[in-house]
Amino acid sequence: MSGGRGKGPLAGVRILDLTSVLMGPYATQIFADLGADVIKVESPDGDTTRHLPPGRDEGRGGMFLNVNRGKRSLVLDLKQAAARDALLALARDADVFVHSMRAQAIGRLGLEYAALKAVNPRIVYANLYGFARDGPYRDYPAYDDIVQAASGLVDLQARLSGGQPTYLGTVVADKVAGLTGAYSIIAALFARARSGEGQEIEVPMFETLVSFTMVEHLCGSLFDPPLGPPEYPRVVAASRRPYATSDGHIGVMIYNDKHWRAFFAALGDPDWSKDEMFASIGNRTRNIGAVLDRVAEVLAARTTAAWLELFRDAHIPAMAIASPQDLLHDRHLVETGFWVERDTEAGQLRYPGIPTAFSATPGEIGDPAPILGGDSRAVLAEAGLDEAAIDALFASGAARE
């Protein structure tokens with residue numbers, strides 16, 4: 001494998017990253033954190049998220065700095081033949097080519113899998129886009145809100161918000177697809193290590209989020225004929241929400257039989273605890289609304305701190321409700337060193353750390369996201385272009401530094 005800028009289990013892997021916004025950049029951020037040399041190939045206008053505020057300098061807003069950390073920026077106008085040729089020269093020594101354009105768009109640039117395979121049969125080529133290219137939605141544009149709506153997730157959320165359709169408070173479709181793209185590429189690299197052959201991967205956001213949503217919600221509709229609707233009753237129960245205490249709210253998961261026995265014992269085994277609807281997980285699931293309502297009634301009588309103490313003693317999963325602001329100072333995250341503070345050329349920054357740990361090959365947070373085109377000259381030289389050829393690319397506008 002080529003490259004080798006970083007530290008981690010993927011050191012030596014080189015990625016040509018033609019992704020933008022969030023899905024693809026999140027996937028390639030994972031690669032950069034784990035040691036890969038990620039070359040972010042941008043148009044002369046740059047990734048649109050460069051301009052999302054807030055930021056200290058134009059073209060590197062906070063989200064962009066985080067999700068593109070540890071990467072290098074190469075600017076190419078791929079509508080020009082000379083820029084395409086330069087990219088193909090880079091591909092000869094690359095391990096992975098990943099893009100987030102629709103199939104028609106990447107085809108118009110002449111950068112479909114066949115073109116990359118022709119210069120490098122070992123390359124792993126990953127398509128990350130909205131909808132699978134063999135279906136009728138293939139040319140539809142897709143962003144996170146659109147895919148949440150189409151995937152059934154918004155409808156499921158409506159069950160918890162009085163029938164009002166709502167989006168999740170996070171860009172879940174982008175990130176789930178990004179994670180799926182990351183593990184799919186790693187799986188293809190593993191297969192290549194055995195066979196010596198590259199391959200093409202397709203990661204459509206819509207199908208990925210439907211698969212993600214239906215892990216639990218396919219439920220009775222797994223069977224033919226169906227034994228029930230495609231929904232997991234506990235998760236869509238209207239009563240499923242953080243419980244109100246006498247002074248706030250608390251997240252509690254009294255789930256298995258052991259938890260329920262401990263809960264009843266802590267309460268002194270009240271008469272209502274002997275109701276058959278609490279007797280088994282099956283009974284509780286069939287009566288989930290009434291079960292959750294009863295718990296809500298009980299928890300309203302004590303403070304959050306009192307309940308947390310009781311649940312800790314009973315080994316029942318429970319946590320106080322935290323805000324994103326609280327997480328910046330969460331004692332567990334602070335003590336485990338999750339937040340990584342860096343004095344960088346972009347100023348003092350605080351990153352969320354790498355959530356996974358490797359005993360022998362730990363990853364490392366790289367530099368902030370690069371200035372647009374800041375690495376163009378060096379990367380083009382690595383592709384074997386001499387100084388005159390590089391100057392000619394810049395002069396023609398096919399490349400930019």
Side-chain angles (χ1 to χ4, degrees), residues 1-41 47 49 63-72 91 94-101 106 113 116 122-132 142-144 147 151 170-194 198-213 215 338 340 351-358 361-366 369:
M1 292 184 179
S2 56
R5 297 179 66 244
K7 172 186 177 185
L10 296 179
V13 174
R14 174 169 284 185
I15 315 284
L16 293 181
D17 175 8
L18 277 71
T19 69
S20 62
V21 191
L22 190 57
M23 171 177 54
Y26 179 48
T28 54
Q29 176 210 295
I30 293 168
F31 278 88
D33 285 352
L34 298 183
D37 177 16
V38 179
I39 300 170
K40 185 175 179 67
V41 182
D47 189 326
T49 57
M63 187 172 79
F64 181 84
L65 278 172
N66 184 30
V67 82
N68 291 287
R69 66 198 189 198
K71 304 176 186 179
R72 298 193 283 169
D95 298 291
V96 178
F97 179 95
V98 54
H99 75 89
S100 57
M101 304 177 205
I106 198 73
Y113 175 52
L116 275 293
R122 287 173 49 82
I123 202 160
V124 171
Y125 183 106
N127 305 276
L128 275 63
Y129 38 48
F131 303 93
Y143 287 92
D144 191 273
V147 176
S151 69
T170 183
V171 283
V172 64
D174 272 301
K175 290 187 287 186
V176 168
L179 287 167
T180 303
Y183 80 65
S184 299
I185 291 167
I186 290 170
L189 288 172
F190 181 77
R192 189 187 73 176
R194 290 183 163 184
Q199 62 181 297
E200 183 178 17
I201 299 166
E202 182 181 49
V203 184
M205 196 191 308
F206 173 57
E207 283 85 345
T208 299
L209 197 62
V210 171
S211 175
F212 178 81
T213 302
V215 167
F338 175 77
V340 178
Y351 293 115
I354 302 169
T356 53
F358 296 81
T361 56
E364 184 176 61
I365 302 295

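Note that these values count all heavy atoms, side chains included, but never hydrogens, waters or copies made by symmetry.
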Kindly determine whether Asn127 and Glu200 satisfy side chain to side chain donor-acceptor pair (under 3.5 Å), including the steps that lead there.
CA-CA 8 Å; Asn127 305 276; Glu200 183 178 17; 3.0 Å; yes
All heavy atoms of Ser20 vs all of Ser100, minimum pair found to be N-OG, 3.2 Å
When rounded to the nearest 0.5 Å, the distance separating CD of Gln199 from CD1 of Ile185 is 11.0 Å
dist Asp174:CG -> Leu22:CG (nearest 0.5 Å) comes out at 4.5 Å
Any chance you could lay out the side chain to side chain donor-acceptor pair (under 3.5 Å) test for Tyr129 and Glu202, step after step, and finish with the verdict? CA-CA 8 Å; Tyr129 38 48; Glu202 182 181 49; 2.7 Å; yes
CG of Leu209 to OG1 of Thr213, rounded to nearest 0.5 Å, is 4.0 Å
Applying side chain to side chain donor-acceptor pair (under 3.5 Å) to Thr28 and Lys40, what does each step give before you reach the verdict? CA-CA 9 Å; Thr28 54; Lys40 185 175 179 67; over 6 Å; no
Rounded to the nearest 0.5 angstrom, the CD1-CZ distance for Ile39 and Phe97 is 12.0 Å
With Met205 as partner, the option from Leu128, Val147, Val210, Val176 fulfilling side-chain contact (heavy atoms from CB on, under 4.5 Å) is Val147
When you measure from the side chain of Ser184 to the backbone N and O of Thr180, does any donor-acceptor pair fall under 3.5 Å? yes
- Message: Does any part of the side chain of Ile354, heavy atoms only, come nearer than 4.5 Å to the side chain of Leu34, both counted from C-beta?
- Response: yes
### Message
Under a 3.5 Å distance rule, please check whether Lys71 uses its side chain to pair with a backbone N or O of Gly366 as donor and acceptor.
### Response
no
Taking the six-membered ring for Trp, are Phe206 and Phe131 parallel (under 30°), tilted (30 to 60°) or perpendicular (over 60°)? tilted
